[in-house]
Number of protein chains: 2
Amino acid sequence: MSDRPDSRSRGVSIKDVARAADVSVATVSNALNHPELLSADTHARVMRAVEKLGYVRSESARQLRAGQSRMLGLLVLDMRNPFFVGMAHGAEQAARADGLGVMLCDSSQELAAEEFYLGLFAEQRVRGALVTPTDSSTTSLSVLRRHGIPYVFLDRVASGDEACSVSVDDVTGGRLAVGHLLEQGHRDIAYLSGPMSLPQCRDRRTGALQACDEAGVDHDAVTVVETECLDVDAGRDAGSRLLGRSPRPTGVFCANDLIALGVLQTLVAAGVAVPDDIALVGYDDIDFAAAAAVPLTSVRQPAAQMGATATELLVREIAGDEQHVHENVEFAPELVVRRSSITRH
Amino acid sequence: MSDRPDSRSRGVSIKDVARAADVSVATVSNALNHPELLSADTHARVMRAVEKLGYVRSESARQLRAGQSRMLGLLVLDMRNPFFVGMAHGAEQAARADGLGVMLCDSSQELAAEEFYLGLFAEQRVRGALVTPTDSSTTSLSVLRRHGIPYVFLDRVASGDEACSVSVDDVTGGRLAVGHLLEQGHRDIAYLSGPMSLPQCRDRRTGALQACDEAGVDHDAVTVVETECLDVDAGRDAGSRLLGRSPRPTGVFCANDLIALGVLQTLVAAGVAVPDDIALVGYDDIDFAAAAAVPLTSVRQPAAQMGATATELLVREIAGDEQHVHENVEFAPELVVRRSSITRH
DNA sequence: CAGCGAGATCAAAACGATTCAAGTGGGTTA
DNA sequence: TAACCCACTTGAATCGTTTTGATCTCGCTG
């Protein structure tokens, strides 16, 4: 009575179904893919056999024949960051609407992992790829280019007309954040950046300095502190380093909300008042920012929408006629002010 | 000079490499998979051709030949819940160590999605599957059974000896949480449960009632409030419903931290003091629990370790000799007390 | 010098599906 | 009656890889 077939067996194949329904394999294939070609009777007979045997198509066989899969690859920098999960979610929804699956991978910002996964995408012959690249991705991407696999940059502007891209104007984001802090009267601001190898981190700094210019304040007002990672732990570290500094900055702009939450924890634990002693601004506006110890001011990026838009661009490129023109969609960031940055007057 | 091949082409195949290196396809295959069979000279020549042409193996062709893939399927209930992401992360690490990839899917607790993805796993002929099942998964899993695809339950005890499983003792978890609230003197406790179709939610209630028994308190002390989802939004909803109730419960136990964070937000916004007016206990101890507006007391589950352990069980079953005996690993939950539940005396 | 074994290479079959051209059979038309 | 058409079904080729057993070439031994 066991459902479990002999462990050596390869499972039910189209041949078994053909035999059971007493038709050719071609007919079984047609029953599944072009039912309109068959007489109602035959179709029913085949489907009954499929049902009875529990037949499931072998995707690898179809793929081999078709020369490509029905999957998109999605490579993100950090799955534990809700911002990326949000993008992934948006991408998945959009892909499903087009009958495509998504293969989600996490490069952990390591070049080796990135190369590994892009190689995997190529081996799988994914239909297209969505990539949040690190600095040096251009070379790793050649494996996709060589196989004619189109890709779209997510959360990064494509350089030249290499590919489509979906991004957020990070310069503006940085400007909004630091502009807000300057407006609150802060003149000693720390920018807790992630690794400067990430364009996002660089752009946000540029924006920070622009904000200084606009406010007629010297660039010295902003000190850049580079962290190795963009996660909560790194934030806690950076927080303790801040505490040791003298004079302490009065305003802190973090490259993302995870860092900001880590800093916040350290500060609160050390009895430093936020926002009164130190004002804090994060980036991404993840769900948890609003629920933080002190609700976090943050620069919002439309994560799900970015993922969905990128998928649409990719699908359009895949379906595209010969003449596809790369498109760079740029969303505007939005400052969401909460308590962490509002100094009492 | 473009890297991009003709869009009609199928890309470089093993035949092209064979031609370029002036050997047979069998030799190319051997160069890649059994280099020790070849003369050093031939091997080098082949590898040079591989390099030059940018050849990448077609995974679907290998799979077709091999009859199985080098992938595990991982189906979680909610990718936006950091607890599941933690499990996924642990599973991925462990799988990579065994040279296996992980295909991550999110059923969103919907049966239809679950069936869709399990079907996908079968079509892909994954080597094995890790599943966080909903109530009714037993039937959907038959598609795996029929194809001899082994699976392991994640965050759920297997019934009978159907499969291996990795879980946390949710009854104890519920008991710890509510026991703690009772100890703090609360006698009107709300249990904000997710859908009762989830065994986890049911078990935690059982634990809650056990705690009452142990404290010699009537079961009436605990009111169960069922929510539809286990996310922050549902928590916010449940929070407003709590506010409308009279008398208000003084202690609230939430089926997970997302719910708890949602409730917390609503309460804080409404000026209800946590923990003084209402004490709050969550579940999972996600990273964000410690960083919440009021640091959240929570029941910790070792997410990454669970994922890793499940993968190991699965790998063992896959490699297993004929006589595999299913194993049920159960981790112990741990109460992490923070401010949200400590009533001032 | 015949015979043998080892080492290196290869031809061909197989995996499971899709597709296309060709075949079948029954009915209609010239 | 022959020619044709239509609806349905099928044989065979094909995709890119791995593997098995065969072949081929040496150099060595007896």
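Remember, it's a predicted structure, so these values are computed and weren't measured experimentally. Every chain is numbered from 1 and lettered A, B, ... according to where its sequence line falls, protein lines coming before strand lines.
For the pair B/R62 CZ and D/dG16 C1', the interatomic distance rounds to 11 Å; values are reported in whole Å. In this entry the distance linking CZ of A/R45 with C1' of D/dT9 reads 11 Å, nearest Å. Taking atom CG on B/L37 and atom C1' on D/dG21, their separation rounds to 14 Å, with Å as the unit. Rounded to whole angstrom, the span from the CG atom of B/D41 across to the P atom of C/dG7 amounts to 17 Å. Between A/L53 atom CG and C/dG16 atom C1' the separation is 15 Å, expressed in whole Å. In this structure, the CZ atom of A/R125 is 9 Å from the C1' atom of D/dG16, given to the nearest Å. To the nearest angstrom, P of D/dC15 lies 21 Å from CZ of A/R57. When rounded to the nearest whole Å, the span between CD of B/E123 and P of C/dT18 equals 10 Å.
Closest to the B/S24 side chain, of the nucleotides C/dC10, C/dG16, D/dT19, is C/dC10.
A distance-only check finds no donor-acceptor pair linking the side chain of B/S29 to the backbone of B/V25 [under 3.5 Å]. Remark: side-chain polar atoms of A/R127 are paired, donor with acceptor, to backbone N or O of A/S69 under 3.5 angstrom. Formation of a donor-acceptor pair under 3.5 Å by the B/T132 side chain with backbone atoms of B/L77 is found in this model. With B/R45 contributing its side chain and B/A21 its backbone, the two residues share a donor-acceptor pair below 3.5 Å.
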Run the side-chain contact (heavy atoms from CB on, under 4.5 Å) test on A/L32 and A/I14 for me, step by step, so that the C-alpha distance in whole Å, both residues' side-chain angles and the decisive distance to 0.1 Å come before the verdict.
CA-CA 11 Å; A/L32 263 33; A/I14 198 172; 5.7 Å; no

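Interatomic distance, B/M87 CE to B/L130 CG, rounded to the nearest 0.5 Å: 9.0 Å.
Contact annotation: A/S39 side-chain N/O to D/dT9 OP1/OP2 distance is under 4.0 Å. B/H34 has a side-chain polar atom (N or O) that falls below the 4.0 Å cut-off from OP1 or OP2 of D/dT19. Remark: A/T42 is in phosphate contact with D/dT9, judged by side-chain N or O atoms under 4.0 Å from OP1 or OP2. Phosphate proximity of C/dC10 to B/T27: present, with a side-chain N or O under 4.0 Å from OP1 or OP2. At D/dG16, none of the side-chain N or O atoms of B/S58 fall inside 4.0 Å of OP1 or OP2 (strictly under the cut-off).
Mapped onto DNA chain D by nearest heavy atom, B/L64 and B/N30 fall at different nucleotides, with B/L64 at the one closer to the 5' end. The residue among A/K15 and B/V23 whose nearest nucleotide of DNA chain C is located toward the 5' end is B/V23.
The base of D/dT18 sits within donor-acceptor range of the side chain of B/R65, with an N or O pair under 3.5 Å.
The residues B/E327 and B/R316 are annotated as salt-bridged, a charged nitrogen and a carboxylate oxygen being separated by less than 4.0 angstrom.
Rotation axes derived from the C1' atoms of the five outermost pairs at either end of the helix from C/dC1-D/dG30 to C/dA30-D/dT1 lie 80° apart, to the nearest 10°.
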